[in-house]
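A short worksheet on the structure shown next.
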Number of protein chains: 4
Amino acid sequence: MFARQGFYQSTVSQIAREAGVADGTIYLYFKNKDDILVQFFNFRAKQVFASFRQEVDKSGNSTDKLRSLVRRHLEEFQRDGDMAVVYQALTYQNIDLIKDQIKEVSKMYLDIVGEILEKGQEEGTMRKDLYISLAKRFILGAVDSAINNWLRAGRKYDLASMTEPLIDLFIRGIGNR
Amino acid sequence: MFARQGFYQSTVSQIAREAGVADGTIYLYFKNKDDILVQFFNFRAKQVFASFRQEVDKSGNSTDKLRSLVRRHLEEFQRDGDMAVVYQALTYQNIDLIKDQIKEVSKMYLDIVGEILEKGQEEGTMRKDLYISLAKRFILGAVDSAINNWLRAGRKYDLASMTEPLIDLFIRGIGNR
Amino acid sequence: MFARQGFYQSTVSQIAREAGVADGTIYLYFKNKDDILVQFFNFRAKQVFASFRQEVDKSGNSTDKLRSLVRRHLEEFQRDGDMAVVYQALTYQNIDLIKDQIKEVSKMYLDIVGEILEKGQEEGTMRKDLYISLAKRFILGAVDSAINNWLRAGRKYDLASMTEPLIDLFIRGIGNR
Amino acid sequence: MFARQGFYQSTVSQIAREAGVADGTIYLYFKNKDDILVQFFNFRAKQVFASFRQEVDKSGNSTDKLRSLVRRHLEEFQRDGDMAVVYQALTYQNIDLIKDQIKEVSKMYLDIVGEILEKGQEEGTMRKDLYISLAKRFILGAVDSAINNWLRAGRKYDLASMTEPLIDLFIRGIGNR
DNA sequence: CATGAATGAGTTTTCATTCAT
DNA sequence: GATGAATGAAAACTCATTCAT
């Protein structure tokens, strides 16, 4: 519902009806309307991001790790497009309510990418002169943007298949020669 | 005010007070509250984006054009950080109200980048095997992301100075060899 | 709880928690929330007032009877300060719910005082020209007021020790002779 | 309406209807429902009590002053019986909201009575052995009680005519001599 | 043109009460 | 008898919008 209408356009009554419960029941599980968003973030989005770390640890060299991360990212967001919408909306807004949560999740992601880039520099597959703190944000931004495009295009094509083209753009830009 | 509090958190009364007029006066210039957002977009954001075209036309080769576009983009958004906040918030949300306007502005931008990339391919400075419709979105997304990072970091550093590092990442990725 | 927060500020859930039972259990012993107040009045406050009669019957002359009544009144309310709070709050409000109970209890008290005053007139210890129906209310009011002062002062001093000073004021008044 | 139904039994909608305005209009003049009570107290009850001082200053000896005070008190409360109900209900409850206001108003009254009693002692019309801090509360309590009885009896008789009998009881007490 | 008081529909939230377990 | 999750009616409050001045 938040994905379709946005948080402020969704009323608690609607949410309750969609959930098949009475209005008051909502308040047995959420402190207030805001808390619905907060709990969504803590129990859904955070989990997804936490799963990225495992995926990366499995892969071998840094390029594979980056590929795994991006693929997993796109796959998860494709699997739950509504979460994707809400996550994006929240990330690019400045909502006090969950500002800290957003920062935390974002940092988690950037740390992973940062480690991959450093490892890549050691391996010799990534450029030594990379401005890492920019490069990692650049990568997250580009993936976010790919997701945003997919959403705005109506979720019609296969988002995960964007992995290779994206990696290609990243690597040939940051790859050593 | 929209930048600080968001659209739904801002009341018409607050807007009127900030503007130094009475509540009713707002309705002499705007059909309703929504219309304030629509008109903002039409007369502020659209103008900015329209100015990009001129900037690009001035420059010489495609790399210079891309550099000019990105620099102008960052400069304008830095100059009016509040507009930047609102623009970003709207872009990554799914507001029916201005969905079309967003698409239009976005298309305007992507068209410019697309032309630059094609020109670059002709000139031999850009890779011939580029998946252009992805690459141009990739570039917009990366610039958006740079702006978003700047906003979330409190607008403290010089955003325009990110131009060269960004271009470097783009070009060495998409440049021909 | 009613003493601390008042009847309307206390929820049935709170009452149940304080009583160490489940919410629903309350409704096995009380018809509804109002009934809690009604039963409190019938089984607690009424008992206390009924006990006054016995106390008075024990004493000898009318002055002693009045002294016994006031002392017992102050002692009982001091013993159960929370009941005192609730009783006072209810007496000076106009709650349909227990209007009749209040009247009954109040009449019970005024009847006792009235009898004492009449006895005193016969004995020659009370003024013959007393406007009895005023005087008895005057006495109840003054005792109530002493209790109210004690409550508002935080129940810190010994309420029962106010008996003598009060009786002195009743009997002799404030005028010099 | 508060006099009739009590504060918690009165809804803002009812208040608005009685006032002949829309619900929202209430909130242009009162911060919230509680504020209605607070403002009532500050602008109505406080004024009444402030007027007592003037009345007392006019009279001559201390007995006259006491008589003037009591008469004015009864007259004002008789004139605005609804205020009387609300004032009494609030005084004998423990509402945090206006606890301080009640204390202030009550102190104002007790101070006046205290001064009168001291003056009476100097004049020789009041007993020298009076426990003044008790005696003044005793007087306020007795007057309050007279008002309360009048209210509960349906405001049918002339409250102000109770002045002389009350003063008589204060001054001479109930004891025969 | 501008004002700002008034409106009332629409929202969030509370909580007495019920009833299947 | 006891439970406590679920209910939904009712209440407080907000705020976009209107319109007489």
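All chains are named by letter (A, B, ...) in the order of the sequence lines, taking the proteins before the strands, and each is independently numbered beginning at 1.
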Specify the separation, in whole Å, of atom [atom1] of [X] and atom [atom2] of [N].
| X | N | atom1 | atom2 | value |
| --- | --- | --- | --- | --- |
| D:Gln5 | F:dA11 | CD | C1' | 14 Å |
| A:Phe7 | E:dT11 | CZ | P | 14 Å |
| D:Gln9 | F:dA10 | CD | P | 15 Å |
| B:Arg17 | F:dC15 | CZ | C1' | 13 Å |
| B:Tyr8 | E:dT11 | OH | P | 13 Å |
| D:Ile15 | F:dC13 | CD1 | P | 10 Å |

List the residues meeting ring pair (Phe, Tyr, Trp, His ring centres under 6.0 Å) with [X], not counting sequence neighbours, and say none if there are none.
| X | value |
| --- | --- |
| A:Tyr87 | A:Phe49, A:Phe77 |
| C:Tyr8 | D:Tyr8 |
| D:Phe2 | D:Phe7 |
| D:Phe41 | none |

Nearest-neighbour nucleotide for the C:Tyr27 side chain, E:dT17, F:dA11, E:dT13 considered: E:dT17
Salt bridge (charged side-chain N to carboxylate O under 4.0 Å, His left out) partners for D:Asp100, two or more places apart: none
Residues within residues 31-41 of chain D bordering DNA chain F, heavy-atom distance below 4.0 Å: D:Asn32, D:Lys33
Residues that A:Glu76 engages under side-chain hydrogen bond (donor to acceptor under 3.5 Å, both in side chains), provided they are two or more places apart: A:Arg72
Less than 3.5 Å apart, which donor and acceptor atoms pair up between the side chains of residues 12-23 of chain A and the rest of the protein, not counting sequence neighbours?
unit_1	atom_1	unit_2	atom_2	d
A:Ser13	OG	A:Asp23	OD2	2.6
A:Gln14	OE1	A:Thr11	N	3.1
A:Glu18	OE2	A:Arg4	NH2	2.9

Would you be so kind as to tabulate the donor-acceptor pairs closer than 3.5 Å made by side chains of residues 101-108 of chain D, with sequence neighbours excluded?
unit_1	atom_1	unit_2	atom_2	d
D:Gln101	OE1	D:Lys46	NZ	3.3
D:Glu104	OE1	D:Lys46	NZ	3.4
D:Lys107	NZ	D:Asp111	OD2	2.8

Any residue meeting side chain to side chain contact (heavy atoms under 4.5 Å, CB included) with A:Asp35, in chain and number order, not counting sequence neighbours: A:Phe30, A:Lys31, A:Asn32, A:Val38, A:Gln39
Protein-nucleotides 3-5 of chain E N/O pairs under 3.5 Å:
unit_1	atom_1	unit_2	atom_2	d
E:dT3	OP2	B:Ala22	N	3.1
E:dT3	OP2	B:Thr25	OG1	2.5
E:dG4	N7	B:Gly24	N	3.1

Residue met sooner reading DNA chain E from 5', once C:Ser13 and A:Val12 are mapped to nucleotides: A:Val12
C:Leu90 vs C:Leu37 side-chain heavy atoms within contact, under 4.5 Å: yes
Canonical and wobble pairing (Watson-Crick, G-U, under 3.5 Å) of DNA chain F, dot-bracket with |: .||||||||||||||||||||
A:Gln88 side-chain N/O to A:Ala84 backbone N/O, donor-acceptor pair under 3.5 Å: no
